[in-house]
Amino acid sequence: MRFKDLLRKLRSPDRPKVAKESEKGISFLDDLRIGVKSDQADGKVNLVLGIDFGTSCCKVVIGDNRLPRTYAVGIKTNDSGVDNFLHATCLFESPKEVYSLEATGKCVLRDNLKLQFLEAERPLNQRTPVEEDIRAVAYLALLIQRSLDYFEERYFGQYPETNIRWFLNVGMPSRDVADKRLIPLYKRVAIAACLASAAGLINRKICVEAWRAAQSGGHRFFEFLDARVKVYPEIAAEMVSFIRSPFSSDGLFALADVGAGTLDVSTFQLNSHTAQDRIHFRAMELGSLGAQRLHQERTTYLEKQQIETPKVSASGSIFIVPESHDEYVVAERDRDNAVFHLKYHDEKFSNACSELVVKTIMATHVHHARQGWNSSFFRNGVELFLCGGGSRLDFYQGVVQKAGQSLGRYLDIKGSPIRLRKLTKPRDLSIDGVSDEHFDRFAVAYGLSVDLGGRRGIKKKELQFELREAKRSNKWND
């Protein structure tokens, strides 16, 4: 079916009527729970497509919540290893404004899609998409197509004579679970991407029409499309990976996610002794202190010092942040000067990252002290899970050490109270050639592959995020 025919059918008077979300009594806050709708009534199987829309690369995991069983989506069906499951966040545009995920002919590379999408200026009461919206729609639509093709080739044989209903969950980088700017922005683009993906060939005209359809109430079309689209904070999705890991236990924990664009830090408490597993967020902080930001500030700082830096070729591959300061030097004569300046710059950047970690943990400490709670969170040390692709840089390992030393001084504890931990790969995740060591890079996508919006068919333990308790704390040292 062509896209125009699809839209015409969606807009026809006899299309199935779908109630507005407000009429269903479902809000973003009270609907955030783990579960899956019962498939027995209509004989269909619900599969959830979880997309971690990252700055440098995207990760995709498909979840079958009945079994449970999850499948990471790779670029090639016959390949394995971490790199095969990291989808570069870029696309290629042909002279005829046709988009693709691979370079073909005379095409132009469009990269840095997420940051441009987040930072784009949009008019009030926006009626037409800006260029950054169009590219985000095109990229996600192509990623959806790739994911469904990968699933069909690798795993569809496990679902013989099965009607599948697809759901889509997309993560957003937000400290606010009711973010009035990002939620509608992400949901509009996600819905438009779903619509555009049904068109086959993805070009500019298709993406604009899909965006306008989503803008004018596209969320009402998805009973016909047999799909559902939701957006959730990345940090909420990441907690699902913790719940399903061997480290899951009652108590207070901290998590630091080092992405390409941001550093997200949160503290949370897990209570599993009740009828339902529950996570209570105690504090959350988010800063533009990710690995790619670190690299950009390093190169900008050196250029201001008139030191030449290596030029990154526009290839569409995932950029790896240099580990050594020497890799930023082109001319040998500049080496000593460059290393000196980078150490000075890194100290300032490291202090900002460390302050974010300390502020979040101390906000929890102050909150507990005011409540009169006697928590082992600080007495026995803080278990902090360091996640994300950037967490492999020695720089961020040093940030955690510095934060631990600062906390030790504030809390009058000898040494560092932080105990660094790593998330381990859940048993139900099928991802060829990827060890526990690298699972944390897929933690957000894995969490999004769980049906975070289901309201029926929840028969056993259920995780509900009580996100109303999550809050920023601008003052932790009062």
For the residue pair Thr77 and Glu153, confirm or rule out a side-chain donor-acceptor distance under 3.5 Å. yes
Indicate whether any N or O donor in one side chain lies under 3.5 Å from an N or O acceptor in the other, for Tyr446 and Asp428. yes
Who pairs with [X] by side-chain contact (heavy atoms from CB on, under 4.5 Å), at least two apart in sequence or on another chain?
| X | value |
| --- | --- |
| Ala141 | Ala193, Ala196, Ser197, Ile202 |
| Ala443 | Glu238, Ser241, Leu423, Phe439 |
| Leu148 | Ile144, Trp166 |

[X] versus [Y]: any side-chain heavy-atom pair under 4.5 Å?
| X | Y | result |
| --- | --- | --- |
| Asp111 | Arg135 | no |
| Glu297 | Leu289 | no |
| Gln145 | Leu101 | no |

Just verifying a value: how many Å separate [X] [atom1] and [Y] [atom2], rounded to the nearest 0.5 Å?
| X | Y | atom1 | atom2 | value |
| --- | --- | --- | --- | --- |
| Leu255 | Glu383 | CG | CD | 12.0 Å |
| Leu294 | Phe395 | CG | CZ | 5.0 Å |
| Leu195 | Glu209 | CG | CD | 11.0 Å |
| Lys402 | Tyr396 | NZ | OH | 12.5 Å |
| Arg110 | Cys107 | CZ | SG | 10.0 Å |
| Arg298 | Leu302 | CZ | CG | 9.5 Å |

[X]: which residues meet the side chain to side chain donor-acceptor pair (under 3.5 Å) condition with it, sequence neighbours left out?
| X | answer |
| --- | --- |
| Thr300 | none |
| Asp257 | none |
| Thr262 | Asp264 |
| Gln397 | none |

Go through it in stages, so that I can follow the logic: the residues are Gln215 and Arg127, the test is side chain to side chain donor-acceptor pair (under 3.5 Å), and I'd like the CA-CA distance, side-chain angles, deciding distance and then a yes or no. CA-CA 8 Å; Gln215 172 75 352; Arg127 295 180 181 274; over 6 Å; no
Which salt bridge (Lys or Arg N to Asp or Glu O under 4.0 Å) pairs, counting each pair once, include a residue from residues 46-58, with sequence neighbours left out? Asp52-Lys59
Please identify each residue that fulfils salt bridge (Lys or Arg N to Asp or Glu O under 4.0 Å) with Glu437, with sequence neighbours left out.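 So Glu437 forms no salt bridge (Lys or Arg N to Asp or Glu O under 4.0 Å) with any residue.
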Which residues satisfy the salt bridge (Lys or Arg N to Asp or Glu O under 4.0 Å) test with Glu132, sequence neighbours excluded?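 Partners of Glu132 under the salt bridge (Lys or Arg N to Asp or Glu O under 4.0 Å) test: none.
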Parallel, tilted or perpendicular: which fits the ring planes of Tyr71 and Tyr159, with parallel below 30° and perpendicular above 60°?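 Plane angle over 60°, so perpendicular.
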Suppose we screen for ring-ring contact (aromatic ring centres under 6.0 Å, His included). Which residues come up paired with Phe117, at least two apart in sequence or across chains? Tyr186
Can you list everything that forms a ring-ring contact (aromatic ring centres under 6.0 Å, His included) with Phe85? Sequence neighbours excluded, please. none
More than 12 heavy atoms of other groups within 6.0 Å of Glu102 CD: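 No, not enclosed.
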Set out, in order, the CA-CA distance, both residues' side-chain angles and the distance that settles salt bridge (Lys or Arg N to Asp or Glu O under 4.0 Å) for Lys425 and Asp440, then state yes or no. CA-CA 8 Å; Lys425 184 173 63 175; Asp440 61 280; over 6 Å; no
Any ion pair linking Glu234 and Lys114 (charged N to carboxylate O, less than 4.0 Å)?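 Counted as a salt bridge, because a side-chain N and a carboxylate O are separated by less than 4.0 Å.
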